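None of the values given here were measured: they were computed from a predicted structure. Indexing begins at 1, ligand by ligand and atom by atom, following the structure's order. Numbers for residues simply follow the sequence, beginning at 1.
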Amino acid sequence: MLDTLRGKNVLITGGLGFIGSNLAARLLEHDAHVTLVDSLIPEYGGNLFNIHEIQDRVKVNISDVRDVNSMRWLVKGQDFLFNLAGQTSHFDSMADPFTDLEINCRAQLSILETCRKCNPEIKIVFASTRQLYGKPEYLPVDEMHRERPVDANGINKLAGEGYHILYNNVYGIRSCALRLTNTYGPRMRIKDARQTFLGIWIRRLLENRAFEVWDGRQKRDLTYIDDAVQAILLAAANEAANGQIFNTGGDGPISLKDLAEMIIEIHGEGAYEIKPFPADRKSIDIDDYYADFNRIRTCLGWEPLVPLREGLRLTLAYYRQHLEHYV
Ligand SMILES: NC(=O)c1ccc[n+]([C@@H]2O[C@H](COP(=O)([O-])OP(=O)(O)OC[C@H]3O[C@@H](n4cnc5c(N)ncnc54)[C@H](O)[C@@H]3O)[C@@H](O)[C@H]2O)c1
């Protein structure tokens with residue numbers, strides 16, 4: 001099925017970020033012609049080191065997806081658009097909701113309008129998020145669960161996702177969305193907790209400092225990056241995905257306390273402290289979340305293959321080798 005991507009022109013927004021750079025490397029294995037667009041705003045996950053092994057084989061355009069002129073130029077002639085650029089911090093989306101709105105909502109509509117005018121044949125995969133479900137009413141959460149975001153990021157991503165499905169349904173611009181759960185692995189941002197709590201845990205662990213676990217009883221599921229990339233590629237290659245929304249998931253729920261203990265055990269040493277949630281974080285926390293991913297399993301034949309323990313081992317090995325480029 002992934003042969004559909006062979007030799008194709010692909011554009012990845014957010015291509016210097018965690019998921020985008022890993023996706024780029026996989027697409028090169030399929031002989032795709034890859035262009036990356038990224039704004040490299042320092043607070044986000046873009047990092048030129050993420051592509052140091054592939055930089056000679058991809059085109060890189062440092063621009064902002066909010067820039068309509070850049071996007072018009074970049075979208076032309078592309079067969080696939082992997083639309084991954086986003087502001088990912090839930091906390092920052094509350095501190096600065098308008099920037100989140102501009103990137104996660106308005107720019108998404110603008111990209112779709114550009115596609116409608118300049119390249120309606122393009123196929124789009126949008127990186128959506130489990131955050132838009134809010135606090136689950138039942139578990140595991142399937143795609144029928146209602147959307148009740150608890151922060152501005154969830155609201156804006158929901159609108160961004162909605163526009164993709166709208167343009168698929170009304171204009172026939174083939175689009176689908178993956179509601180990604182916590183995704184982790186090499187090339188994620190570990191400087192702070194803006195992208196994921198796991199990032200700062202890993203940084204502290206490797207710097208021989210205790211990391212904080214807030215509460216610790218909350219359950220989460222995690223997808224290793226290679227599995228997330230495979231889900232994105234299957235969605236791109238499969239026409240049955242058009243107009244669809246899919247959850248991704250992991251190999252089962254785990255409490256944050258158990259996750260902390262697992263990562264310390266894999267590393268061989270380390271310490272963590274259980275702390276109460278800071279009040280401003282608690283008010284936007286979603287408590288337990290894990291996904292039902294039967295829809296993507298049935299429709300696209302996807303399931304996570306990398307066990308959590310193995311994914312964490314690979315992740316730690318990467319950052320042990322390359323820590324200085326990520327802190
Ligand atoms: N990693 C996860 O656990 C996870 C979970 C759910 C959803 N997602 C979604 O997946 C997508 C990719 O996330 P990621 O984890 O790779 O994060 P990331 O921060 O590493 O990647 C996002 C990239 O987008 C770029 N970007 C941000 N605003 C931009 C703009 N205005 N113009 C151009 N580039 C811009 C950033 O520089 C960054 O490189 C995001 O849309 C995110 O919402 C990720």
Side-chain angles (χ1 to χ4, degrees), residues 11-25 35-51 60-68 70-71 74 81-90 92-93 96 98-108 110-111 124-133 149 151-161 164 177-199 220-225 227-229 231-232 235 245-250 286 289 291 311 315 326:
L11 178 66
I12 307 177
T13 69
L16 296 176
F18 164 41
I19 300 176
S21 58
N22 282 287
L23 175 64
T35 303
L36 312 177
V37 50
D38 204 295
S39 58
L40 282 181
I41 295 168
E43 289 77 20
Y44 303 166
N47 185 339
L48 275 172
F49 186 77
N50 281 344
I51 59 157
V60 178
N61 191 303
I62 306 299
S63 45
D64 198 297
V65 293
R66 289 169 286 185
D67 179 345
V68 179
S70 294
M71 289 311 293
L74 287 163
L81 167 59
F82 296 95
N83 197 8
L84 272 48
Q87 193 297 112
T88 61
S89 162
H90 305 302
D92 289 358
S93 82
D96 179 6
F98 290 106
T99 298
D100 195 273
L101 176 76
E102 287 293 320
I103 297 174
N104 288 331
C105 179
R106 193 179 197 286
Q108 303 309 315
S110 160
I111 290 169
I124 309 174
V125 180
F126 174 66
S128 185
T129 171
R130 58 112 169 96
Q131 189 66 10
L132 48 76
Y133 292 118
D151 56 27
N153 180 265
I155 291 176
N156 295 327
K157 290 290 284 190
L158 178 59
E161 177 192 279
H164 282 79
L178 295 178
R179 290 180 176 169
L180 302 172
T181 192
N182 301 277
T183 306
Y184 72 101
R187 302 177 184 82
M188 66 187 182
R189 181 181 174 99
I190 63 162
K191 198 174 274 191
D192 48 36
R194 281 198 161 87
Q195 191 179 81
T196 160
F197 64 87
L198 195 55
R220 290 284 190 276
D221 56 358
L222 295 100
T223 310
Y224 185 65
I225 183 64
D227 286 327
V229 164
I232 292 170
I245 288 163
F246 300 106
N247 286 345
T248 59
I286 59 165
Y289 175 91
T315 307
Y326 290 91

Set of residues that line ligand 1, where lining means a heavy atom lies under 4.0 Å from it: G14, L16, G17, F18, I19, D38, S39, L40, Y44, G45, G46, S63, D64, V65, R66, L84, A85, G86, T88, I103, A127, S128, T129, K157, L180, T181, N182, T183, Q195
V60 versus L16, closest heavy-atom pair with distance: CG1-CD1, 4.2 Å
R187/F49 under side-chain contact (heavy atoms from CB on, under 4.5 Å): CA gap, chis, key distance, verdict: CA-CA 8 Å; R187 302 177 184 82; F49 186 77; over 6 Å; no
Side chains of N182 and R130, donor plus acceptor under 3.5 Å: yes
Working for side-chain contact (heavy atoms from CB on, under 4.5 Å), residues T13 and Q108: CA-CA 11 Å; T13 69; Q108 303 309 315; over 6 Å; no
Whether Y224 and Y184 hold their rings parallel, tilted or perpendicular, with breakpoints at 30° and 60°: perpendicular
Nearest non-hydrogen partners of L132 and L158, listed with the distance: CD2-CA, 3.7 Å
